[in-house]
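Read the structure below first, then the notes.
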There are 2 protein chains.
Amino acid sequence: MMISTRGRYALRVMIDLAEHSQGSFIPLKDIAERQDISQKYLESIMTILSKKNLVQGVHGKGGGYSLIRDPKDYKIGEILLSTEGSLAPVACLECGVSTCDRAADCKTLPMWGKLNNIINQYLDHITLDDLIHNTIEERLKNKDWLK
Amino acid sequence: MMISTRGRYALRVMIDLAEHSQGSFIPLKDIAERQDISQKYLESIMTILSKKNLVQGVHGKGGGYSLIRDPKDYKIGEILLSTEGSLAPVACLECGVSTCDRAADCKTLPMWGKLNNIINQYLDHITLDDLIHNTIEERLKNKDWLK
DNA sequence: CTTATTACCTACCTCTTTAGTAGGTTTTTT
DNA sequence: AAAAAACCTACTAAAGAGGTAGGTAATAAG
């Protein structure tokens, strides 16, 4: 298992925001109730999204959260990367990990590299808008996303 | 991160077996030294591979481990699935997990399902032999593996 | 200017998994 | 009988997952 609840909940929150805010700010309490997720736990996730400038938070009465961009302009990979820290399928490919001394003639590394590329290309090809309108199939129909 | 050392070491062991055994049995001690992995830890991994009938173990002097099939006939996905238990990118897709009550109109589930398919198709398309002879690029050249 | 509402911050907690280690038992060949 | 190997059982330290608890700061409405 690769994507934890943090990433999955983040996606659900952002879909909720897209579907329920008309320029207004949505209190986290509402989202937590609709999505049936602990508000306290969501708070820690929103802090991440807010710091990464994926959502905007406004204090006080009438405040809450809203998206910053159009749903079409959020790549799924971007959201997941923010909350998960890394999407690499193996530790060897994680950003910041010094390459192991076997890397040069590792028989498995190329395979992991390709897998990593495929996953990231897929997730960066799909947008928040695609999830909302269920247009994933159309996106994948031709395989141009796969380089 | 998705694949732990268990899965990664398992692949390296099986590559080592393919490259060093000519019908003979290779003691784990040799593999552990060549691969620079703790022998004791490898033992627990070999137990899994042996029970899944991916390798064959022979007791006593002159014994050791060997592959059972031709390297061409081992799919990478098969080996990883055995050691990791599951390759699903999210818990929702894990075998044996009862579907959550939101599944019916979950906006994200189709996306996870597709990701799961892509990962498994990729890993089931590549064989142990491909790793050994570095023929992955050729395999991926046309995109027929992706359904 | 007070109160309600909201985001935001800090600290903690339990459970599971990972990545091993340690020490012994059984099987087989020499 | 001895050596070499797989195999088995139990334990452990560290990290991460998935939260909970209790506060502080900002803002809008009255």
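Proteins get letters first, then strands, A, B, ... in listed order; numbering begins at 1 in each.
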**Prompt:** Only one of A:Arg139, A:Arg69, A:Lys75, A:Lys72 forms a salt bridge (Lys or Arg N to Asp or Glu O under 4.0 Å) with A:Asp129, so which one is it?
**Reply:**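 Testing each of A:Arg139, A:Arg69, A:Lys75, A:Lys72 against A:Asp129, the sole residue satisfying salt bridge (Lys or Arg N to Asp or Glu O under 4.0 Å) is A:Lys72.
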Could you tell me how far apart [X] ([atom1]) and [N] ([atom2]) are, to the nearest whole angstrom?
X	N	atom1	atom2	answer
B:Ile45	C:dT21	CD1	P	12 Å
B:Ile48	C:dT18	CD1	P	10 Å
B:Ile37	C:dG20	CD1	C1'	12 Å

**Asked** Going 5' to 3' on DNA chain D, which nucleotide is the first and which the last to come under 4.0 Å of a heavy atom in chain A?
**Response**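 First-to-last contact on DNA chain D, by the 4.0 Å heavy-atom rule, is D:dA17 to D:dA28.
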**Asked** Do the charged groups of A:Arg34 and A:Glu19 touch, with an N to O distance under 4.0 Å?
**Response**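 Salt bridge flag = no for A:Glu19 with A:Arg34.
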**Message:** With a sphere of 6.0 Å drawn around NZ of A:Lys141, does it hold more than 12 non-hydrogen atoms of other residues, nucleotides or ligands?
**Reply:**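 Result for NZ/A:Lys141: open.
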**Request:** Dot-bracket for DNA chain C, please, read 5' to 3', with Watson-Crick or G-U wobble pairs under 3.5 Å on both distances, ( ) within the strand, [ ] crossing, | other strand, . unpaired.
**Result:** ||||||||||||||||||||||||||||||
**Request:** Determine, for nucleotides 3-15 of chain C in 5'-to-3' order, which nucleotides have protein heavy atoms under 4.0 Å from the base (write B), from only the sugar-phosphate (write S), or from neither (write -).
**Result:** --BBBBB------
**Request:** Quick one: closest heavy-atom pair of A:Gly7 and A:Leu80, and the distance?
**Result:**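 In terms of heavy atoms, the two residues are closest at O-CD2, 3.6 Å.
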**Prompt:** side-chain contact (heavy atoms from CB on, under 4.5 Å) between A:Ile68 and A:Leu54: does it pass, once the steps are laid out?
**Reply:** CA-CA 6 Å; A:Ile68 291 176; A:Leu54 293 170; over 6 Å; no
Please set out all donor-acceptor pairs under 3.5 angstrom arising from side-chain atoms of residues 58-65 of chain B, sequence neighbours excluded.
none

**Request:** Kindly indicate whether the side chain of B:Ser4, heavy atoms from C-beta on, has any atom under 4.5 Å from the side chain of B:Glu84.
**Result:**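 Yes, side chains in contact.
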**Asked** Among residues 77-90 of chain A, which residues get a heavy atom nearer than 4.0 Å to DNA chain C?
**Response**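 DNA chain C contact set from residues 77-90 of chain A: none.
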**Message:** Using a strict heavy-atom distance below 4.0 Å, which residues from residues 7-16 of chain B are in contact with DNA chain C?
**Reply:**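 Nucleic-acid contacts, sorted: B:Tyr9.
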**Worked verdict on A:Gln35 versus B:Arg102 for side-chain contact (heavy atoms from CB on, under 4.5 Å)** = CA-CA 9 Å; A:Gln35 297 295 325; B:Arg102 296 186 153 262; 3.9 Å; yes
**Message:** Angle between ring planes, B:Tyr41 versus B:Tyr9, binned at 30° and 60°: parallel, tilted or perpendicular?
**Reply:**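 Ring orientation of B:Tyr41 relative to B:Tyr9: perpendicular.
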**Message:** Applying side-chain contact (heavy atoms from CB on, under 4.5 Å) to B:Trp112 and B:Asn116, what does each step give before you reach the verdict?
**Reply:** CA-CA 6 Å; B:Trp112 297 128; B:Asn116 192 35; over 6 Å; no
**Message:** Run B:Arg8 and B:Thr5 through side-chain contact (heavy atoms from CB on, under 4.5 Å) and show every step you take.
**Reply:** CA-CA 5 Å; B:Arg8 286 188 282 131; B:Thr5 54; 3.3 Å; yes
